[in-house]
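So you know, we letter chains A, B, ... as the sequences are listed, proteins then strands, and number each from 1.
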Protein chains: 2
Amino acid sequence: MSGTHTGVPSVLAHELPRPVPIDELEACPVGELFRRLGDKWSMLLLILLGGRPHRYNELHRAIEGISQRMLTRTLRALETDGLVRREVHPTVPPGVEYSLTPLGRTLLEPVSALADWAVRHEADIREARFRHTGA
Amino acid sequence: MSGTHTGVPSVLAHELPRPVPIDELEACPVGELFRRLGDKWSMLLLILLGGRPHRYNELHRAIEGISQRMLTRTLRALETDGLVRREVHPTVPPGVEYSLTPLGRTLLEPVSALADWAVRHEADIREARFRHTGA
DNA sequence: CTGAATCCGCTATGATACTG
DNA sequence: CAGTATCATAGCGGATTCAG
């Protein structure tokens, strides 16, 4: 993707003035972020860690369904993006604590907003789906 | 976004009091929605259609990179969920117009909030990534 | 306890060609 | 113009096993 399109003005403006510079939208961080959070577990971990720090197996047990592979993978990805911090305590046995970084905490807000929407409009979507398939 | 949450997602706060019964979160609409929107084009289309209604090929040209297959698939998925409306005008040649439903328009807000975050914190993430790989 | 390594199926996405 | 059908591929994600 190309550099700093400083503008990226009305990605959000509910009124997009002209033909929409999609080239930028496409390559812009928005899509990238959604891909990141769009995987099976990222947002779940964000919300979980948003509550309080967790140890590795604590997360593993809490999510109940995630494989070690994906848990580690997802945590590493979030860590790479600076959203999650990993702290190793040199105890015996070793304990690793995961928590949100300040950046991660700021992300928690819009994520929560979206989650909130999902909860509030769950019925609407279900109904729409039903009408599509059933009727 | 939602008012008084001091760092803890309201969704969980009111439904997940303790050690967090994630089983529910897993099967809950939140994850489902993120999976939906997490694909490569859904959110892009939502934002595009949030600006104004578009015709099929108009979208195809605007996005420049999407295949007909995926454009159709994504639109259908959004339509199934009641987020996008498809209107066929019996003209010659046929014209099909896609637009957001009222439900879709409500979703546009939290989606925009997240997009906004992505734009504002693009640099932070880039830096975090750099520190991880480079140093 | 906290992972890493390996194998493998599934699904999302793309390329291409064809249709009403 | 607005799709559909078919084939091919890459990566996600799960199960299992091994290790510090």
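- Of the residues near DNA chain D, A/G38 and B/Y56, the one whose nearest nucleotide (by heavy atom distance) lies more toward the 5' end is B/Y56.
- The CD atom of B/Q68 sits 10 Å away from the P atom of D/dC1 (whole-angstrom rounding).
- Atom CD1 in A/I66 sits roughly 14 Å away from atom C1' in C/dT2 (whole-Å rounding).
- For the pair B/N57 CG and D/dG3 C1', the interatomic distance rounds to 9 Å; values are reported in whole Å.
- You'll find that the side chain of B/K40 is closest to C/dT13, out of D/dC1, C/dT13, D/dG14.
- The distance between atom CD of B/E87 and atom P of D/dG3, rounded to the nearest whole Å, is 13 Å.
- Note that CD1 of B/I63 is 4.5 Å distant from CG of B/L44, once rounded to the nearest 0.5 Å.
- For A/E32 and B/R129, the salt-bridge test passes: some basic side-chain N is under 4.0 Å from an acidic carboxylate O.
- Proximity note for A/D39 (side chain, C-beta onward) versus D/dG13, C/dC1, D/dA2: the nearest is D/dG13.
- Out of C/dG14, D/dT4, D/dG13, the shortest distance to the side chain of B/R69 is found at C/dG14.
- To the nearest 0.5 Å, atoms CG (A/L49) and CG (A/L78) are separated by 8.0 Å.
- Here the straight-line distance linking atom OG of B/S42 with atom CZ of B/F34 works out to 12.5 Å at 0.5 Å rounding.
- At whole-Å resolution of the value, CZ in B/R86 and P in D/dC1 are 16 Å apart.
- Here C/dT2 presents its C1' atom at 10 Å from CG of A/L71, a figure rounded to the nearest Å.
- When distances run from any side-chain atom of B/Y98 to the nucleotides C/dT2, D/dC1, D/dG3, the shortest one goes to D/dG3.
- Atom P of nucleotide C/dA4 and atom NE2 of A/H60 are separated by 14 Å, given to the nearest angstrom.
- Salt bridge present: A/E58 and A/R52 bring a charged side-chain N and a carboxylate O closer than 4.0 Å.
- A sub-4.0 Å separation between OP1 or OP2 of C/dA4 and a side-chain N or O of A/R73 is absent.
- In this structure, CE of A/M70 is placed 15 Å from C1' of C/dA5, rounded to the nearest angstrom.
- Between C/dG20, D/dT4, C/dG14, one nucleotide has an atom nearer to the side chain of B/P94 than all others, and that is C/dG20.
- Here the nucleotide nearest the side chain of B/R55, chosen from D/dG3, C/dA4, D/dC1, is D/dC1.
- Considering only the side chain of A/R61, C/dC1 comes nearest among C/dC1, D/dG13, C/dG14.
- Checking the phosphate oxygens (OP1, OP2) of D/dC12, no side-chain nitrogen or oxygen of A/R36 falls inside 4.0 Å.
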